[in-house]
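Right, one structure below, let's go through it.
Scope of the values below: all heavy atoms of this structure, side chains included, with no hydrogens, waters or symmetry mates. In what follows, every chain begins at residue 1, and chains take the letters A, B, ... in the order their sequences are listed. Worth saying up front: this structure is predicted, and the values here are computed from it rather than measured.
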Protein chains: 2
Amino acid sequence: MSHPIQTGSFQWMKSINKSAILNIIRLQGPISRSEIAKVTRLTSPTVTNIVAELLQSGLVVESDRGESTGGRKPILLKINGSAFGVIGVYAGAKKVRALAADLEGRAGEEVVLPVPPRPTKEQFVSIVQKAVHQVKEQIQKKGHPLLGIGVGMHGLVDPEQGISIYAPNLYLRDIPIASLLEEVFKVPVEVENDVRALAIGESWFGQGQGIDDFISVHVGTGVGAGIIAEGRLVHGPSFTAGEVGHTTIDARGPLCNCGNHGCLEAFVAAPAMVRRAREQLQTGVSSSLSDKLQDTADSLTGEAIFQAARAGDTFAAEILAETGRYLGIGLSNLVNLFNPRKIILSGGVIAAGPLVLDPLKQTIRERALSIPAGDVSIVPSTLGRSGRAIGAYTLVLQKLFQPQMS
Amino acid sequence: MSHPIQTGSFQWMKSINKSAILNIIRLQGPISRSEIAKVTRLTSPTVTNIVAELLQSGLVVESDRGESTGGRKPILLKINGSAFGVIGVYAGAKKVRALAADLEGRAGEEVVLPVPPRPTKEQFVSIVQKAVHQVKEQIQKKGHPLLGIGVGMHGLVDPEQGISIYAPNLYLRDIPIASLLEEVFKVPVEVENDVRALAIGESWFGQGQGIDDFISVHVGTGVGAGIIAEGRLVHGPSFTAGEVGHTTIDARGPLCNCGNHGCLEAFVAAPAMVRRAREQLQTGVSSSLSDKLQDTADSLTGEAIFQAARAGDTFAAEILAETGRYLGIGLSNLVNLFNPRKIILSGGVIAAGPLVLDPLKQTIRERALSIPAGDVSIVPSTLGRSGRAIGAYTLVLQKLFQPQMS
DNA sequence: TCCAAAATTACTTAAATTAATTAATTATCT
DNA sequence: AGATAATTAATTAATTTAAGTAATTTTGGA
């Protein structure tokens with residue numbers, strides 16, 4: 001059965017108005033009370049009252065006076081950005097990355113810890129806790145209170161319960177991350193899949209700002225997506241929505257480790273790209289990469305291909321272009337299915353820049369339907385390597401700025 | 001920029017509560033006031049007051065007394081189903097179908113009018129108007145007031161403006177259907193893409209009842225989908241979301257009339273299925289369909305293939321199975337991307353039943369990720385040929401049962 | 001000094017909640 | 001069987017929340 005029908009009470013209405021004003025201040029601030037009244041269509045006394053509560057809570061502060069337009073100067077309000085701290089953790093299969101940030105998303109130094117292969121649950125959780133501890137010090141040093149911790153976790157996550165249901169690359173199942181961290185750090189913990197957290201991060205601090213329909217696609221060891229439709233993250237009832245990596249783009253294509261044939265991931269993820277390069281090199285193509293073929297140390301990596309292409313190796317460039325074209329097919333499917341305004345690309349493969357992006361965009365122009373293809377823009381993420389950790393602390397901010405209570 | 005932030009007033013809250021109660025009565029009725037209070041978590045006086053207004057408006061009536069459980073017998077409330085009429089029109093490129101229904105979706109006799117090839121805007125609109133006129137009589141005969149008209153229109157539609165932006169199979173653009181019909185019939189008109197309207201119909205009266213995440217896929221001349229995520233229809237900013245027909249399932253596949261290669265539609269839509277059958281027959285396969293190959297009258301149709309398969313023709317059966325397998329690939333992509341609870345299939349090709357559905361389901365089991373595949377059920381629609389017209393009048397009901405004002 | 005915009009204060013109103021009351025049944029006791 | 005207690009449904013009356021309206025104060029600029 002579907003979730004219970006929404007009904008409203010006074011407190012519910014007020015919490016919505018409060019959240020609306022808080023978000024206006026965040027997005028349009030510094031802004032005056034009377035300006036808030038205009039854009040929210042609430043009356044000025046209502047705004048005054050709610051703003052008073054927000055000032056009380058410390059989330060908002062009065063800043064400078066604005067320019068007068070022939071009367072009293074407005075008092076501008078802004079988020080009390082630097083007064084509170086939040087923490088975001090990207091919990092991946094190879095690395096754990098933690099960031100401390102303030103309410104306006106200004107982050108400190110990133111802490112990166114390696115994850116050993118096949119860790120136990122306890123080992124893995126303790127690495128996460130260690131990372132959180134280290135960045136927590138940055139906040140404590142400033143004397144700011146910590147408002148919450150967000151975790152962007154590799155694999156299948158139940159964000160409602162705050163548990164990692166299945167982390168395939170760690171070979172772990174059912175880790176109750178939220179409760180484990182809440183016990184130790186005594187603050188609310190939000191957990192979400194890493195790529196979906198990234199999408200939230202994009203919508204707050206990245207290329208998704210002000211856009212209600214976009215898809216954030218991360219191409220790394222796998223290919224995942226966070227889908228934002230009408231401003232809301234799409235989860236699906238079992239929390240698996242967004243698995244672009246395992247959409248079929250060639251029914252007769254190569255075998256994927258999910259068991260299917262011709263998955264997008266089997267063409268464009270870093271390991272797949274390396275496999276394609278290796279196969280073609282073995283047929284005797286001439287390339288600066290040919291030597292690496294014999295190396296036992298697996299020196300033929302995505303990074304190596306990228307370097308070679310940059311150095312003018314046409315074979316390497318063609319491998320990247322091919323990757324772009326395949327990815328373009330997968331993204332064309334997204335464009336036709338969701339009609340997003342933007343697709344935001346991130347991950348190592350995307351770092352290759354135009355060598356991948358140009359053929360990718362070309363393919364979308366050729367293969368997607370002209371109307372949605374004309375309205376979508378394909379852009380690389382600007383959040384960099386810390387994107388998923390940024391997304392993680394954005395989970396906390398999102399919760400904080402949302403209407404409280406249901 | 002994104003749509004303005006929602007704020008609440010007293011009237012807004014009340015309209016939400018009113019709509020909530022109305023929908024509870026519709027979905028759980030006949031139901032007593034005190035039971036409504038329980039499920040909505042509103043207090044009993046609030047329910048009493050709002051119900052009084054609903055009784056006043058005529059949308060709701062008191063019916064029998066319920067069973068006592070040791071106290072006063074509850075007065076059961078229900079939707080005043082038969083007292084009002086709505087009209088739904090499926091406006092396709094070959095046929096226009098109109099239905100009159102009451103508030104509980106009980107429909108009368110369907111009116112079906114043919115559409116000539118390449119009609120002018122005026123011709124097309126007048127066919128739609130004629131169909132509406134004819135079913136309107138059914139409502140008038142009963143003396144019920146008409147509350148609105150819904151149109152499920154082939155092609156690209158702007159539901160906010162109520163215009164058909166582009167109807168490829170009619171070769172028409174920019175028809176302001178809503179205003180044209182409102183002028184004539186003096187009632188509100190809702191316009192939506194036919195397949196998306198069907199999805200709304202499924203969620204009210206079909207296989208989508210009580211399900212918040214499902215996809216309605218219609219396989220006919222083309223392949224389209226209506227996507228319901230968290231109870232909301234996904235449109236996309238240019239209203240093109242749901243174009244499964246033009247997702248690539250085989251990068252090296254046959255040319256589609258959209259200009260792309262290997263679209264799902266180029267494998268499974270009725271014309272594509274016929275093309276595949278023809279190609280294989282020409283290589284000299286033995287089949288009861290072989291004779292039809294020479295017919296000038298295009299007697300080799302989807303229907304003919306279906307008939308032959310039913311009569312035991314193994315070639316025809318294999319064509320259908322192949323169609324099911326291809327469709328299964330396309331649907332596996334939907335399963336991985338959206339993680340829906342259900343996929344509801346409709347249209348001529350699906351009418352072939354298990355001959356198509358069994359290989360289709362098998363393919364999804366094989367190709368989609370196990371978690372979402374395990375949670376999705378693939379079912380044929382139960383709405384039949386009138387599905388899209390049912391969806392069309394459901395647009396009116398949906399509007400009527402929604403909170404008024406924003 | 002006066003005007004105009006910003007912000008606040010005082011008052012009114014809408015609509016929910018709480019508390020009390022009435023209505024209608026069923027169960028129980030004599 | 002009839003009286004009465006218990007229970008649930010529904011309404012009425014009173015209270016409270018929080019928004020809206022109108023009036024007032026504050027403040028800067030002309």
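One interatomic measurement links the two molecules: CE of B:M13 to C1' of D:dA19, which rounds to 9 Å at whole-angstrom precision.
For the side chain to side chain donor-acceptor pair (under 3.5 Å) test, residues two or more places apart in sequence or in another chain that qualify with B:T46 are B:T43. Partners of B:K399 according to the side chain to side chain contact (heavy atoms under 4.5 Å, CB included) rule, which considers only residues two or more places apart in sequence or in another chain, are B:E190, B:Q402. Considering only residues two or more places apart in sequence or on other chains, A:K142 meets the salt bridge (charged side-chain N to carboxylate O under 4.0 Å, His left out) condition with none of them. A search for salt bridge (charged side-chain N to carboxylate O under 4.0 Å, His left out) contacts involving A:D102 returns A:R106, not counting sequence neighbours. Taking the side chain to side chain contact (heavy atoms under 4.5 Å, CB included) definition, one finds that A:I163 meets it with A:D158, A:Q161, A:I165, A:P176, sequence neighbours left out. Checked against side chain to side chain donor-acceptor pair (under 3.5 Å), B:D375 has the following partners two or more places apart in sequence or in another chain: A:S238.
Among residues at least two apart or in separate chains, side-chain hydrogen bond (donor to acceptor under 3.5 Å, both in side chains) pairs with a member in residues 55-81 of chain A are A:R33-A:E62.
The residue among A:P74 and A:F10 whose nearest nucleotide of DNA chain C is located toward the 5' end is A:P74. Heavy-atom distances to DNA chain C give each of B:N49 and A:T69 a nearest nucleotide, and the one nearer the 5′ end belongs to A:T69.
Note that the first and last nucleotides of DNA chain C, 5' to 3', having any atom under 4.0 angstrom from a heavy atom of chain B are C:dA14 to C:dT26.
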Identify each donor-acceptor pair in which a side-chain atom of residues 228-235 of chain B lies under 3.5 Å from a protein atom, sequence neighbours left out, and give them as a table.
from, atom 1, to, atom 2, distance (Å)
B:E230, OE1, A:R232, NH2, 3.4
B:R232, NH2, A:E230, OE1, 3.4
B:H235, NE2, B:E192, OE2, 2.7

Please report, to 0.1 Å, the donor-acceptor pairs under 3.5 Å made by any side chain of residues 204-211 of chain A, with sequence neighbours excluded.
from, atom 1, to, atom 2, distance (Å)
A:Q207, OE1, A:K342, NZ, 2.8
A:Q209, NE2, A:F205, O, 3.4
A:Q209, NE2, A:G206, O, 2.9

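Among the protein residues, B:S34 comes within range of the sugar-phosphate backbone only, with heavy atoms under 4.0 Å from sugar or phosphate atoms but none that close to a base.
Annotation: side chain of B:Y393 is in contact with side chain of B:L99 (closest heavy-atom distance under 4.5 Å).
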Next on the checklist: Across nucleotides 21-30 of chain D, 5' to 3', mark each nucleotide with B, S or - according to how protein heavy atoms within less than 4.0 Å reach it.
Outcome noted: BB---BBBS-
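Within residues 17-26 of chain B, the residues approached by DNA chain C to less than 4.0 Å at the level of any non-hydrogen atom are B:N17, in residue-number order.
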